[in-house]
Amino acid sequence: MYNAAIHSDSESISIGISNPRTGDILSVSRFETNIKSETERVLSVLKNEPNNSTLINSSKNVYYSLTPNFTFIPSVFYDANNFEKLVQPLLKVEEPDTLLKTFIPEIDSFLAFTMNLELINSLKSTFGHIFFRHHFASLISAYHLFYAKEGHYYAFIQYHNKQFTLCLMHGKKMVSFNVFEVRSYEDVIYYTYFSMEQFEFPTSETHIHIGGNYAYSKEVLTAFQRYSPHIFHLKPSCCSELEKETANALINTIFDVQCG
C-alpha cells in the first residue's frame, strides 16, 4: 500500500506517492494545466487514468491547499468548542469557502485556513478517503526537521508562482511566516531584508535558503550574494538525481509527501 499527496497551484497539479511505513518517496509527477477554476483544474487531472486508479487504490490521500487566507493559533489558545466562532470573522470566511485546520507539532500550533467547499465535496465524492491540509504546514515542518539547527538565524524563501513565502527562524523557533506578492525579482530582496531588519536578524549571520520554481531566480541569487555570505539552495536529498529545474518544480510536493 502507499499514500498519495496532491499539490495544486495555478499552473500545475502534482501527485507524490510515498511508502506509509518508511516514509520513502516512491514517485512524484507533475501535470501542466491552464484551467482557471481550481475545482475543474484539479478534477481534470485527477479523474484521468492512471491518476484516478492511483488515488482510488491508495491507503491515504491528502490534498494540500495553498490558500494565502490563513492564520496561526498556538495550542495554548486553541479552543475546539469556539474555534469556528473565533476564527471565521478573522479570516472573513464566506460561501463558497469553509474553515479547516492543520496541526503543526513542530511549533505546537494550528494553522487555520479557508478552502472551497465545492472542491472539498467533489474530491470526497470522487475518491472518498481524502484528507485536507495546508501546504504551509509542510514547509514549516520541513524547515524544522531537515534544516534548522540551534544557534543559527534562518530565512527560508519558497516560490509559489506569483507569490513567495518567507519564514524566519532563530534556531528551532519560528519568528515570522508571511506570504508576499512577486511583481519583480526585487520584491523578494526587499521583503526578505525588510523582515530581517524588523526582527533584528543580522545580515552577515543569517542563512538564506531558497527553494521552488521562479523564472528570475538567478537575478534574486545574484542580488542576495552582494550582501549575504550564507546562501543555500533548498533541494531535498531525494532530488539529488533530478535536474535542477525539475527538482525546483517538484520541491513543494516533496515537502508535502515528507511532512504530511
Side-chain angles (χ1 to χ4, degrees), residues 7 9 14 16 25 28 64 66 68 72 104-107 111 134-182 185-260:
H7 181 92
D9 59 45
S14 299
I25 297 177
V28 182
Y64 290 87
L66 200 60
F72 294 102
I104 311 174
E106 289 77 17
I107 60 173
L111 190 160
H134 201 290
H135 171 62
F136 296 162
S138 299
L139 290 184
I140 293 169
S141 294
Y143 300 154
H144 276 80
L145 295 172
F146 304 117
Y147 299 98
K149 297 180 181 179
E150 296 295 346
H152 294 288
Y153 292 93
Y154 295 96
F156 293 99
I157 296 169
Q158 194 79 7
Y159 298 126
H160 310 280
N161 293 323
K162 297 180 180 180
Q163 298 176 325
F164 79 97
T165 51
L166 174 64
C167 179
L168 298 183
M169 295 178 60
H170 187 195
K172 294 284 186 176
K173 179 183 179 181
M174 189 177 78
V175 177
S176 174
F177 189 98
N178 279 302
V179 184
F180 299 101
E181 297 291 328
V182 181
Y185 79 86
E186 289 96 341
D187 290 336
V188 182
I189 309 301
Y190 171 77
Y191 287 119
T192 299
Y193 283 129
F194 176 81
S195 299
M196 287 170 55
E197 181 181 10
Q198 183 181 16
F199 292 98
E200 299 182 348
F201 273 47
T203 302
S204 61
E205 298 178 27
T206 300
H207 295 219
I208 299 177
H209 292 255
I210 308 174
N213 208 21
Y214 179 48
Y216 298 99
S217 57
K218 290 183 179 179
E219 287 81 354
V220 172
L221 181 61
T222 299
F224 273 134
Q225 288 174 334
R226 298 174 185 170
Y227 312 104
S228 298
H230 307 292
I231 303 174
F232 305 89
H233 176 225
L234 280 172
K235 187 176 181 180
S237 57
C238 59
C239 288
S240 58
E241 297 180 0
L242 297 176
E243 295 181 358
K244 182 179 180 180
E245 185 175 345
T246 302
N248 287 343
L250 295 174
I251 187 173
N252 288 309
T253 306
I254 289 170
F255 283 157
D256 289 336
V257 177
Q258 288 180 324
C259 302

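Starting from 1, each residue takes its place in the sequence as its number.
- Pairs passing the side-chain hydrogen bond (donor to acceptor under 3.5 Å, both in side chains) check and including a residue from residues 187-202, sequence neighbours excluded, read Y193-S228.
- Around atom CZ of F194, no more than 12 heavy atoms belonging to other residues, nucleotides or ligands sit under 6.0 Å away.
- The heavy-atom pair separating G16 from V257 by the smallest distance is CA-CG2, 3.6 Å.
- For the side chain to side chain contact (heavy atoms under 4.5 Å, CB included) with F136, the lone residue among F72, F177, Y64 that qualifies is F177.
- Nearest heavy-atom pair, S141 versus I104, reported as atom, atom and distance to 0.1 Å: OG-CG2, 3.8 Å.
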- Query: Can T253 and Q258 be said to form a side chain to side chain contact (heavy atoms under 4.5 Å, CB included), step by step?
  - Reply: CA-CA 9 Å; T253 306; Q258 288 180 324; over 6 Å; no
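- In terms of heavy-atom proximity, E150 sits nearest to K172 at OE2-CG, 3.0 Å.
- In the displayed structure, Y227 atom OH is contacted under 6.0 Å by at most 12 heavy atoms of other residues, nucleotides or ligands.
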- Query: Going through the checks in order, is the side chain to side chain contact (heavy atoms under 4.5 Å, CB included) test met by M174 and I140?
  - Reply: CA-CA 8 Å; M174 189 177 78; I140 293 169; 3.7 Å; yes
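- Across Y147 and A142, no two heavy atoms sit closer than the pair CD1-O, 3.5 Å.
- Residues N178 and S176 have side chains that bring a donor and an acceptor to within less than 3.5 angstrom of each other.
- Considering only residues two or more places apart in sequence or on other chains, K173 meets the side-chain contact (heavy atoms from CB on, under 4.5 Å) condition with none of them.
- Under the side chain to side chain donor-acceptor pair (under 3.5 Å) criterion, H230 pairs with no residue at all, not counting sequence neighbours.
- Applying the side chain to side chain donor-acceptor pair (under 3.5 Å) criterion to H170, with sequence neighbours excluded, gives no partner residue.
- For the residue pair A148 and G171, the shortest heavy atom distance occurs at CB-O, 3.4 Å.
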Contacts under 3.5 angstrom, residues 151-158 side chains, donor-acceptor by atom type, not counting sequence neighbours:
from: Y154; atom 1: OH; to: K149; atom 2: N; distance (Å): 2.9
from: Q158; atom 1: NE2; to: N252; atom 2: OD1; distance (Å): 2.9

Let me have the donor-acceptor pairs involving side chains of residues 208-223, under 3.5 Å, with sequence neighbours excluded, atom names and distances please.
from: Y214; atom 1: OH; to: Y185; atom 2: N; distance (Å): 3.3
from: S217; atom 1: OG; to: Y214; atom 2: O; distance (Å): 3.3
from: T222; atom 1: OG1; to: K218; atom 2: O; distance (Å): 2.9

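- Counting heavy atoms from C-beta on, the side chains of L250 and S14 come closer than 4.5 Å.
- Side-chain contact of H135 with D256: a donor-acceptor pair under 3.5 Å is present, judged by distance alone.
- Inter-residue side-chain proximity for Q225 and I231 is flagged as met; some heavy-atom pair is nearer than 4.5 Å.
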- Would you please test T206 and M196 for side chain to side chain contact (heavy atoms under 4.5 Å, CB included) and show each step? CA-CA 9 Å; T206 300; M196 287 170 55; 3.6 Å; yes
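- We find the SG-CD1 distance between C167 and I107 to be 8.0 Å, quoted to the nearest 0.5 Å.
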- Give the C-alpha distance, both sets of side-chain angles, the deciding distance and a yes or no for side chain to side chain contact (heavy atoms under 4.5 Å, CB included) between Q163 and F180. CA-CA 6 Å; Q163 298 176 325; F180 299 101; over 6 Å; no
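- Residues V188 and Y159 form a side-chain contact, since some pair of their non-hydrogen atoms from C-beta on lies under 4.5 Å apart.
- The minimum heavy-atom distance between V28 and I25, with the atom names listed, is CG2-CG2, 3.8 Å.
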